Amino acid sequence: MSQATKRKHVVKEVLGEHMVPSDQQQIVRVLRTPGNNLHEVETAQGQRFLVSMPSKYRKNIWIKRGDFVIVDPIEEGEKVKAEISFVLCKDHVRSLQKDGHWPEAFSQVAEKHNNNRNRQTQPELPAEPQSSGEESSSEDDSDLFVNTNRRQYHESEEESEEEEAA
């Protein structure tokens with residue numbers, strides 16, 4: 001099977017079906033990714049441990065901090081105590097909450113996580129000023145887009161006057 005075909009089937013599996021965790025499986029939240037396809041997770045009870053990502057998900061499905069996953073426990077593991085069996089997207093979380101399978105400890109976290117994602121995908125645009133027929137001056141840059149990926153340097157008038165005098 002080619003890599004593209006494999007990726008297609010894995011993505012279809014993750015996005016398509018809604019999975020309910022079995023008695024042995026549990027829902028956990030990803031805290032950080034130390035590397036080597038390991039992820040530090042936290043259970044609803046507050047227990048932290050490492051989980052491994054199976055090879056079928058590697059380089060096909062990306063997990064970031066705050067995401068929820070379903071894990072299968074590994075008995076022989078000392079540091080790595082579970083393996084990821086399913087990655088939950090926001091639709092899966094909603095259906096699990098609706099069905100009553102969602103842990104109460106994660107209810108508020110999931111709502112905040114979904115709200116933050118909605119805010120990030122739909123940035124608020126500043127309201128356009130009402131024009132009264134007159135053109136605004138070219139020095140007024142308040143309506144320009146601000147790039148939040150760059151540091152904002154603010155120069156006061158006093159500093160600019162001191163530099164000009166020197």
Side-chain angles (χ1 to χ4, degrees), residues 1-129 142-152:
M1 181 183 314
S2 71
Q3 182 68 20
T5 306
K6 177 183 171 189
R7 182 180 302 120
K8 178 178 78 169
H9 289 294
V10 169
V11 170
K12 185 178 179 182
E13 174 188 331
V14 169
L15 295 178
E17 50 182 83
H18 291 276
M19 184 174 179
V20 177
S22 66
D23 294 336
Q24 294 177 346
Q25 296 176 331
Q26 61 186 126
I27 299 172
V28 295
R29 181 171 53 113
V30 177
L31 297 176
R32 66 185 188 101
T33 56
N36 290 339
N37 295 305
L38 297 175
H39 300 279
E40 184 178 351
V41 297
E42 181 180 34
T43 64
Q45 293 79 24
Q47 180 185 7
R48 293 182 176 196
F49 54 89
L50 290 176
V51 298
S52 65
M53 179 178 282
S55 59
K56 74 175 187 177
Y57 290 144
R58 295 177 188 170
K59 297 184 181 178
N60 293 323
I61 302 295
W62 303 102
I63 299 175
K64 60 185 178 188
R65 214 174 322 132
D67 285 349
F68 295 97
V69 295
I70 296 177
V71 296
D72 289 318
I74 300 174
E75 290 80 25
E76 66 271 359
E78 290 181 24
K79 290 184 179 180
V80 180
K81 296 187 178 185
E83 184 177 50
I84 296 172
S85 64
F86 197 77
V87 180
L88 299 171
C89 66
K90 61 182 177 182
D91 295 332
H92 297 128
V93 171
R94 284 190 202 125
S95 69
L96 287 171
Q97 286 174 339
K98 199 179 293 183
D99 295 340
H101 296 292
W102 192 254
E104 288 295 322
F106 289 148
S107 293
Q108 295 176 347
V109 174
E111 290 174 9
K112 288 180 185 177
H113 186 65
N114 287 336
N115 290 339
N116 288 342
R117 278 191 175 175
N118 290 340
R119 287 186 195 135
Q120 290 173 356
T121 57
Q122 299 174 355
E124 294 182 20
L125 298 175
E128 294 185 21
S142 63
D143 61 338
L144 291 178
F145 172 75
V146 177
N147 187 354
T148 57
N149 295 328
R150 304 281 185 205
R151 284 191 177 164
Q152 300 297 320

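No experiment lies behind these values; they were computed from the predicted model shown.
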Quiz: residues 45-52 side-chain donor-acceptor pairs under 3.5 angstrom, not counting sequence neighbours:
{"from": "Q45", "atom 1": "OE1", "to": "T43", "atom 2": "OG1", "distance (Å)": "3.4"}

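- With sequence neighbours excluded, the residues forming a side-chain hydrogen bond (donor to acceptor under 3.5 Å, both in side chains) with S95 are H18, listed by chain and number.
- Considering only residues two or more places apart in sequence or on other chains, N36 meets the side-chain hydrogen bond (donor to acceptor under 3.5 Å, both in side chains) condition with none of them.
- Note that CZ of R58 and CE of M53 are 8.5 Å apart. Values are rounded to the nearest 0.5 Å.
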Donor-acceptor pairs under 3.5 Å, side chain of residues 76-89 to any protein atom, not counting sequence neighbours: which ones?
{"from": "S85", "atom 1": "OG", "to": "Q25", "atom 2": "NE2", "distance (Å)": "3.4"}
{"from": "S85", "atom 1": "OG", "to": "I70", "atom 2": "O", "distance (Å)": "3.1"}

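- Nearest approach of V28 to F106, heavy atoms of both residues: CA-CE1, 4.0 Å.
- Partners of E75 by side chain to side chain contact (heavy atoms under 4.5 Å, CB included), not counting sequence neighbours: none found.
- We find the NZ-CD distance between K8 and Q3 to be 13.5 Å, quoted to the nearest 0.5 Å.
- Annotation: the span from K64 atom NZ to T33 atom OG1 amounts to 12.0 Å, rounded to 0.5 Å.
- Qualifying salt bridge (Lys or Arg N to Asp or Glu O under 4.0 Å) partners for K56, counting only residues two or more places apart in sequence or in other chains: E13.
- Between R94 and D91 there is a salt bridge, since at least one side-chain N of the basic residue sits less than 4.0 Å from a carboxylate O of the acidic one.
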